[in-house]
A.B. asks: 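This is the structure I have questions about; it appears just below.
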Protein chains: 2
Amino acid sequence: MKQNCSIEEIGQELERMGRIAKEASRKLATASSEQKNRWLSAMADALDAQTETILNANRTDMENAEAAGLSSAMLDRLRLNEKRIRDISDGLRHVLSLPDPVGRSLAQISRPNGLEIEKVSVPIGVIAIIYESRPNVTVDATGLCLKAGNAVILRGGSEAIHSNLALARIIAEAGVREGMPEGAIQMIPWTGHEAVSRMLKLNQFIDLVIPRGGERLIRAVVEQATMPVIKHYKGVCHIFVDETCDFSRACDIIENAKCQRPGVCNALETLLIHKNALPVFAPMIAKRLANVELHADDAFRALVPEALPATEEDWFREYLSLKLAVRTVNSLDEAIAHINHYGSGHSDCILTEDQTHAEQFLNEVDSAAVYVNASTRFTDGGEFGFGAEIGISTDKLHARGPMGLVELTSYKYKVRGSGQIRS
Amino acid sequence: MKQNCSIEEIGQELERMGRIAKEASRKLATASSEQKNRWLSAMADALDAQTETILNANRTDMENAEAAGLSSAMLDRLRLNEKRIRDISDGLRHVLSLPDPVGRSLAQISRPNGLEIEKVSVPIGVIAIIYESRPNVTVDATGLCLKAGNAVILRGGSEAIHSNLALARIIAEAGVREGMPEGAIQMIPWTGHEAVSRMLKLNQFIDLVIPRGGERLIRAVVEQATMPVIKHYKGVCHIFVDETCDFSRACDIIENAKCQRPGVCNALETLLIHKNALPVFAPMIAKRLANVELHADDAFRALVPEALPATEEDWFREYLSLKLAVRTVNSLDEAIAHINHYGSGHSDCILTEDQTHAEQFLNEVDSAAVYVNASTRFTDGGEFGFGAEIGISTDKLHARGPMGLVELTSYKYKVRGSGQIRS
């Protein structure tokens with residue numbers, strides 16, 4: 001850990017890291033699938049072989065975290081054990097088995113003048129990942145970026161610094177032993193904010209930043225970054241219960257979306273109910289969600305008095321817990337307007353038997369994933385069939401929704417001519 | 001012109017503009033192709049009908065510009081006449097005739113659990129265009145954005161403010177008369193920098209900023225923007241003359257790339273010559289480029305003494321004029337390394353008869369468009385068959401190279417279920 005460097009030294013070292021990452025990315029861009037898979041396989045084996053080293057590093061982080069009084073939820077995120085390390089190495093083996101996203105022919109254009117234009121997928125280049133407490137991200141994100149031919153610069157949370165440095169060193173060394181270019185995997189060893197601020201100005205070396213974490217982290221990155229950022233922002237997900245809906249099935253879907261894993265971004269946060277469905281459905285869903293704290297409007301509370309009164313802020317809230325905002329709407333249009341105004345453009349669903357309503361909802365709700373009659377919990381790279389995901393983009397540029405290997409590539413145009421000049 | 005507002009008033013008005021642009025974008029997103037085409041047609045007719053109004057506004061700008069002592073090149077960019085206005089309205093009619101990029105089915109995924117996932121192209125939302133002196137951009141950029149279902153917020157150069165406001169007002173009014181939502185086309189009436197800085201913080205309303213102009217403008221936008229930016233940056237384009245090249249054809253291509261229109265971003269700026277080609281080719285190309293000021297290395301100057309000595313800065317230069325940097329390289333690898341180091345990732349070409357060299361160049365040069373045996377001048381939406389272009393992206397995220405209508409769209413996932421819940 002080089003924690004005693006001056007700001008100038010850190011700046012110089014970050015520039016050096018950026019430069020060698022860019023150099024490595026040139027070599028990664030032309031690496032074959034076989035080469036990349038060999039590196040990933042060696043990394044997985046090295047993690048298994050050096051489990052003890054990783055656990056020792058993690059123990060230091062855990063001791064510091066306990067001394068600092070971190071919550072048990074935070075401690076759980078930070079903790080590694082043999083099973084978790086094995087999951088991480090198996091994750092690499094899974095990524096290895098996925099199709100290479102680089103070198104796909106995306107379009108072929110034959111021009112009247114004889115030019116043959118081919119649009120081909122290529123790596124993005126150098127990707128910086130900024131993340132918080134979970135040390136597995138160090139390896140998971142690296143595996144995906146590398147499979148797509150990108151170099152990575154990693155910056156994890158300060159509480160996981162020993163675990164992260166151990167993981168990054170082990171996989172980088174294992175890759176390099178198999179011929180991976182130096183600089184393909186680098187971790188920033190400084191935990192202060194200044195190092196991140198400096199890194200976010202290195203747009204001559206870094207092509208993309210992916211921040212993974214809370215709203216504050218993401219806002220700080222967006223404010224400072226001079227290179228493109230793909231945000232994995234909050235999920236204020238909605239389900240709208242239309243008047244024609246199958247209420248029994250609706251209860252199953254809503255319970256699943258809210259309760260199956262409340263702490264994730266595709267979990268349900270606001271339930272909208274058509275006023276004509278309310279008299280029957282309100283008591284039904286209140287009974288089903290007996291363990292959920294409901295924050296509801298007056299119309300719902302008239303039928304379910306034990307619900308708490310909702311405030312304007314509740315409509316914007318990402319609870320990430322067993323709490324749910326509930327609002328009555330007069331029409332489909334009102335439901336759509338609510339979602340587009342208060343939502344975060346992540347995942348939103350209509351439960352209806354009316355095909356016209358379903359199509360209107362799918363067309364007019366401006367979110368990455370729009371659902372008819374299914375749980376919002378399916379917004380996930382694995383569930384979408386992408387094999388893996390680096391996260392779920394709430395941006396509209398480049399990648400929207402689950403980001404898999406394909407979304408970690410760019411493209412170039414190869415133009416083959418025979419002497420063409422422009423007149 | 002509301003030039004006397006306080007910063008606070010400007011900030012409030014910009015927020016209002018952002019809000020109504022976002023509202024308009026919701027309606028534009030579901031507008032049919034026929035509706036959008038009707039608006040574009042009405043706009044084109046209105047420009048023709050109100051040519052005199054536009055010319056009057058332009059006269060004010062021209063008088064101010066002349067009084068301010070602008071260069072004749074700047075004055076020419078600013079000038080409108082009947083022919084140029086007719087070209088602008090015909091441009092809208094051409095965009096109208098292109099296929100609608102919204103609503104394309106990009107992928108269909110049937111999951112084992114019965115979920116049907118469809119990836120569909122949708123508009124991006126609200127796009128801000130920041131541009132410099134040419135008033136035609138006001139209409140050209142708006143036409144493309146609108147055809148792709150996006151609302152626009154325009155910010156042109158101060159010297160063209162009267163022309164731009166007249167053009168924007170005429171097309172906005174014509175569209176609205178045909179049912180286009182208010183707020184779909186808006187122009188910022190303040191010419192000070194503060195208005196741009198404020199606008200670049202409105203990421204709750206604006207989904208994308210496209211700066212079109214010089215390096216300083218683009219850097220300022222990137223520094224300040226909190227929303228995604230697609231840069232149309234400089235083109236330091238290279239041609240590499242390989243040892244096996246057809247020299248006579250090479251002279252034609254190089255002359256075309258350098259001289260046909262030297263002031264554009266896909267024009268040639270640096271010529272690289274393989275050392276084995278140098279003895280024969282240096283005198284040939286010097287003769288052909290007699291009207292071009294050559295900035296060359298010592299090896300070239302030994303054969304062409306009238307060439308000026310090149311400095312390190314010349315390798316980075318985008319001359320945009322009849323000047324050319326010339327450098328001798330020892331190998332294809334050296335040529336590729338030079339281009340990746342000094343180039344801007346725009347358009348680069350190898351002239352060779354060696355297929356292996358051609359493929360290595362296409363794979364290893366990290367640029368938006370990589371050419372074999374053709375002029376770099378073809379990097380253009382029209383020449384690529386896109387029908388039109390809003391610019392040429394030097395970014396790798398979202399869009400790279402020529403940006404047509406398709407690149408002005410995002411996508412969403414429509415997920416149709418029958419009660420699926422996640423286990």
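Proteins come first, then strands; the chains are lettered A, B, ... in the order of their sequence lines, and each starts at number 1.
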A.B. asks: So which part of A:T30 gets closer than 4.5 Å to some heavy atom of chain B, the side chain, the backbone, both or neither?
C.D. replies: side chain
A.B. asks: Is it the backbone or the side chain of A:N373 that comes under 4.5 Å from a heavy atom of chain B, or both, or neither?
C.D. replies: both
A.B. asks: For a 4.5 angstrom cut-off between non-hydrogen side-chain atoms, does B:L397 reach A:I230?
C.D. replies: yes
A.B. asks: Is any side-chain heavy atom of A:K414 closer than 4.5 Å to a side-chain heavy atom of B:N363?
C.D. replies: yes
A.B. asks: Taking every heavy-atom pair that is under 4.5 Å apart, which of B:E383, B:E364, B:E223 has the most such pairs with chain A?
C.D. replies: B:E383
A.B. asks: Picking from A:R26, A:K412, A:K27, what satisfies salt bridge (Lys or Arg N to Asp or Glu O under 4.0 Å) with B:D366?
C.D. replies: A:R26
A.B. asks: Can you find a pair of side-chain heavy atoms, one from B:R422 and one from A:D380, that are under 4.5 Å apart?
C.D. replies: yes
A.B. asks: Do the side chains of B:I421 and A:Q260 get nearer than 4.5 Å, heavy atoms only?
C.D. replies: no
A.B. asks: Below 4.5 Å from any heavy atom of chain A, which atoms of B:S367 appear? Answer side chain, backbone, both or neither.
C.D. replies: backbone
A.B. asks: Tell me, for B:D246 versus chain A, whether the close heavy atoms (under 4.5 Å) come from the side chain, the backbone, both or neither.
C.D. replies: neither
A.B. asks: Sort B:P112 into side chain, backbone, both or neither according to what part of it lies under 4.5 angstrom from a heavy atom of chain A.
C.D. replies: neither
A.B. asks: What heavy-atom pair brings A:G417 and B:A374 nearest, and what distance separates the two atoms?
C.D. replies: CA-CB, 4.2 Å
A.B. asks: Heavy-atom distance under 4.5 Å to chain B: side chain of A:V120, backbone, both or neither?
C.D. replies: neither
A.B. asks: Check whether B:T376 gets within reach of chain A through its side chain, its backbone, both or neither, counting any heavy atom under 4.5 Å.
C.D. replies: neither
A.B. asks: Once rounded to the nearest 0.5 Å, what's the spacing between atom CD of A:Q420 and atom CD1 of B:I253?
C.D. replies: 7.5 Å
A.B. asks: Using a 4.5 Å cut-off on heavy atoms from C-beta on, say whether the side chain of B:I117 contacts that of A:F384.
C.D. replies: yes
A.B. asks: Taking side chain as everything from C-beta outward and backbone as N, CA, C, O, which of these in B:V122 sits under 4.5 Å from a heavy atom of chain A? Side chain, backbone, both or neither.
C.D. replies: side chain
A.B. asks: Looking at B:A399, B:A368, B:S375, which one has more heavy-atom pairs under 4.5 Å with chain A than the rest?
C.D. replies: B:A368
A.B. asks: For A:S410, is there any backbone N or O sitting under 3.5 Å from a side-chain donor or acceptor partner on B:K396?
C.D. replies: no
A.B. asks: Considering non-hydrogen atoms only, spot the tightest contact between B:R400 and A:Y411 and give its length.
C.D. replies: CD-O, 2.7 Å
A.B. asks: At a 4.5 Å cut-off on heavy atoms, which part of B:N266 comes close to chain A: side chain, backbone, both, or neither?
C.D. replies: side chain
A.B. asks: I'd like to know which of A:T379, A:L115, A:V229 tops the heavy-atom pair count under 4.5 Å against chain B.
C.D. replies: A:L115
A.B. asks: Under 4.5 Å from any heavy atom of chain A, what part of B:E359 do you find: side chain, backbone, both or neither?
C.D. replies: side chain
A.B. asks: Heavy-atom count check: over 12 atoms from other residues, nucleotides or ligands less than 6.0 Å from B:R261 CZ?
C.D. replies: no
A.B. asks: With a 4.5 angstrom heavy-atom cut-off, is it the side chain or the backbone of B:I124 that approaches chain A, or both, or neither?
C.D. replies: both
A.B. asks: Quick check: do A:V415 and B:F378 have side-chain heavy atoms less than 4.5 Å from each other?
C.D. replies: no
A.B. asks: Does a side-chain heavy-atom distance below 4.5 Å link A:Y413 with B:L362?
C.D. replies: no
A.B. asks: Taking B:R111, B:R416, B:K119, B:K22 one by one, which has the highest count of heavy-atom pairs under 4.5 Å against chain A?
C.D. replies: B:R111
